[in-house]
Novice: 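Sharing a structure here in structure tokens format.
From a predicted model like this one, the values you see are computed outputs, not experimental measurements.
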Amino acid sequence: MTLFNILLVAIIQGLTEFLPVSSSGHLILLPNLTGLDDQGLTIDVATHVGTLFAVILYFWSDVKQALGGIPRLLRGKIDTPGARLAFLLIVATVPVILVGLVLKVTGLADAMRSTAVIGWTMLIFGLVLYWADQKGEQTRHSADWTLRDAIIMGLWQAVALIPGTSRSGITITGARQLGYAREDAARLAMLMSIPTIIASGTLLGIDVVSHANWAMARDASIAAALAFAAALLALSLMMRLLRSVSFTPYVIYRVMLGLGLLAMTYL
């Protein structure tokens, strides 16, 4: 894999991981549309690690609170804000882990990696995001997160295993439909990404470790660093823009890309 390819994959992954436009969809499209080599598991894991550190850094106060609540949670007590947040994040992650294992075992995960699937999901779930964002109230905040909401958003997140759906986009859709303000919807979606990325990265990492070597470690380090920087930039800009701008710009991008991909596929 060339340095240029590594740079391209890392930047795309970093910029799109937390925006509601689907990082997995873009990474599948890259080799499909350009003829470049697939990035492979090592780079995939590395870019996930980079974006993981970016979201942890950006939301460190929330992450620190959840980590502080884990000891209480392990003792079966959910009597502090930290323990409650940790518990709800775990609950919200269960659906995506279960569905992900089913897709991996059955081979359906690979069967859905097509340009046509990504075109349809970009278009359909972009419009669903627009509907939820325009119709949803903005009366609730991240501190109002309940067990019911965590379950509902967790089920929405599991849908993102279909390439092109966007994990952040679909969880934001679920949160907006539940009445969370835009910035709070994005905050919850980003916090939900942390255990999800850890789970998927661990699963992928098991396959990578046995084939690791110095060259792969070097490439992975470069990819992780670039993905970290790109993700932190994209995350910072999105959270700032949400104070005054809706999700419509991302919807427009998704619809245009989806229609373009469908035209390429069927025309």
Side-chain angles (χ1 to χ4, degrees), residues 1-55 96 99-100 103-104 107-126 157-171 189-190 193 196-205 207-208 216 219-235 238 250 253-254 256-258 260-262 264-265:
M1 193 173 189
T2 66
L3 180 59
F4 172 75
N5 202 352
I6 294 171
L7 296 176
L8 195 59
V9 168
I11 292 173
I12 290 174
Q13 168 71 18
L15 290 177
T16 59
E17 175 65 34
F18 302 117
L19 301 182
V21 296
S22 179
S23 60
S24 63
H26 282 77
L27 290 182
I28 292 170
L29 288 174
L30 184 62
N32 285 0
L33 300 181
T34 65
L36 292 172
D37 294 334
D38 186 273
Q39 67 269 20
L41 281 178
T42 302
I43 300 301
D44 213 354
V45 172
T47 55
H48 275 76
V49 170
T51 56
L52 174 64
F53 278 108
V55 72
V96 74
V99 176
L103 293 179
K104 184 176 179 64
L108 288 174
D110 294 329
M112 294 188 293
R113 295 171 66 89
S114 71
T115 302
V117 169
I118 295 171
W120 282 114
T121 52
M122 280 284 179
L123 176 61
I124 292 171
F125 290 111
Q157 182 172 237
V159 178
L161 292 169
I162 305 173
T165 300
S166 172
R167 192 214 58 79
S168 62
I170 202 69
T171 48
M190 299 308 112
S193 75
T196 302
I197 293 174
I198 291 174
S200 63
T202 300
L203 186 62
L204 293 173
D207 295 328
V208 170
M216 290 174 63
D219 293 348
S221 298
I222 295 172
L226 286 170
F228 168 81
L232 193 59
L233 174 63
L235 188 54
M238 183 184 74
Y250 305 107
Y253 172 79
R254 289 185 64 112
M256 292 179 63
L257 179 57
L261 294 173
L262 293 175
M264 290 174 55
T265 303

Novice: For residues 25-33, which side-chain donor-acceptor pairs fall under 3.5 Å, sequence neighbours excluded?
Specialist:
from  : atom 1 : to     : atom 2 : distance (Å)
His26 : ND1    : Val21  : O      : 3.4
His26 : ND1    : Ser22  : O      : 2.7
His26 : NE2    : Tyr253 : OH     : 2.7
Asn32 : ND2    : Ile28  : O      : 3.4

Novice: With rounding to the nearest 0.5 Å, note down the distance linking CG in Leu52 to OG1 in Thr196.
Specialist: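 Reported to 0.5 Å precision, the distance equals 10.5 Å.
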Novice: Within a strict 4.5 Å, meaning less than it, do heavy atoms of the Met112 and Leu103 side chains meet?
Specialist: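 Heavy-atom side-chain distance check passes, below 4.5 Å.
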Novice: Let me confirm one number: the OG-CD1 distance from Ser24 to Ile118, rounded to the nearest 0.5 Å.
Specialist: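 Output value for this atom pair is 7.0 Å.
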Novice: Can you confirm whether Ile222 sits close enough to Leu3 that some side-chain heavy atom of one is under 4.5 Å from a side-chain heavy atom of the other?
Specialist: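 Side chain of Ile222 against side chain of Leu3, heavy atoms only: contact under 4.5 Å found.
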Novice: For residues 108-122, pull every pair meeting salt bridge (Lys or Arg N to Asp or Glu O under 4.0 Å), keeping only residues two or more places apart or in separate chains.
Specialist: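 Pairs touching residues 108-122 that pass the test: Asp38-Arg113.
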Novice: Which atom names give the shortest non-hydrogen contact between Thr47 and Asp44, and what distance separates them?
Specialist: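 That closest heavy-atom pairing would be OG1-O, 2.9 Å.
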Novice: Donor-acceptor pair, distance only, cut-off 3.5 Å: does the side chain of Arg254 make one with the backbone of Pro20?
Specialist: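 Flag set: sc Arg254 to bb Pro20 pair under 3.5 Å.
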Novice: Can you tell me how far apart CD1 (Ile12) and CG (Leu226) are? Round to the nearest 0.5 Å.
Specialist: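 Spacing of CD1 (Ile12) from CG (Leu226) equals 12.0 Å.
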Novice: Give me the atom names and distance for the closest heavy-atom approach of Gly100 to Leu161.
Specialist: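 Looking at all heavy atoms of both residues, the closest pair is N-CD1, 3.3 Å.
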Novice: Looking at Leu19, is its backbone amide N or carbonyl O close enough to the side chain of Ser168 to form a donor-acceptor pair, meaning the two atoms are under 3.5 Å apart?
Specialist: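 Confirmed, Ser168 side chain pairs with Leu19 backbone.
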Novice: Return the minimal non-hydrogen interatomic distance between Thr265 and Ala116, and the atom names on each side.
Specialist: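 Closest heavy-atom pair between Thr265 and Ala116: CG2-CB, 3.7 Å.
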Novice: From Leu233 CG over to Phe18 CZ, what is the distance, rounded to the nearest 0.5 angstrom?
Specialist: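 Between Leu233 CG and Phe18 CZ, I get 12.5 Å after rounding to 0.5 Å.
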Novice: Please check if the side chain of Thr121 supplies one atom and the backbone of Pro163 the other of a donor-acceptor pair under 3.5 Å.
Specialist: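 The answer is yes, because a donor-acceptor pair under 3.5 Å joins these two groups.
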Novice: Roughly how far apart are Leu123 CG and Leu257 CG, rounded to 0.5 Å?
Specialist: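 That separation rounds to 10.0 Å.
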Novice: Nearest 0.5 Å please: distance from the CG atom of Asn5 over to the CG atom of Leu36.
Specialist: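 CG of Leu36 is found 5.0 Å from CG of Asn5.
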Novice: How far apart are the closest heavy atoms of Ala46 and Ala223, and which atoms are they?
Specialist: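 Ala46 and Ala223 have their closest heavy atoms at CB-CB, 4.2 Å.
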Novice: Are any non-hydrogen side-chain atoms of Arg167 and Val96 less than 4.5 angstrom apart?
Specialist: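 In short, these two side chains do not touch, never coming nearer than 4.5 Å.
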Novice: Can you name the side chain to side chain contact (heavy atoms under 4.5 Å, CB included) partners of Phe53, sequence neighbours left out?
Specialist: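 Here the qualifying residues are Val49, Phe228.
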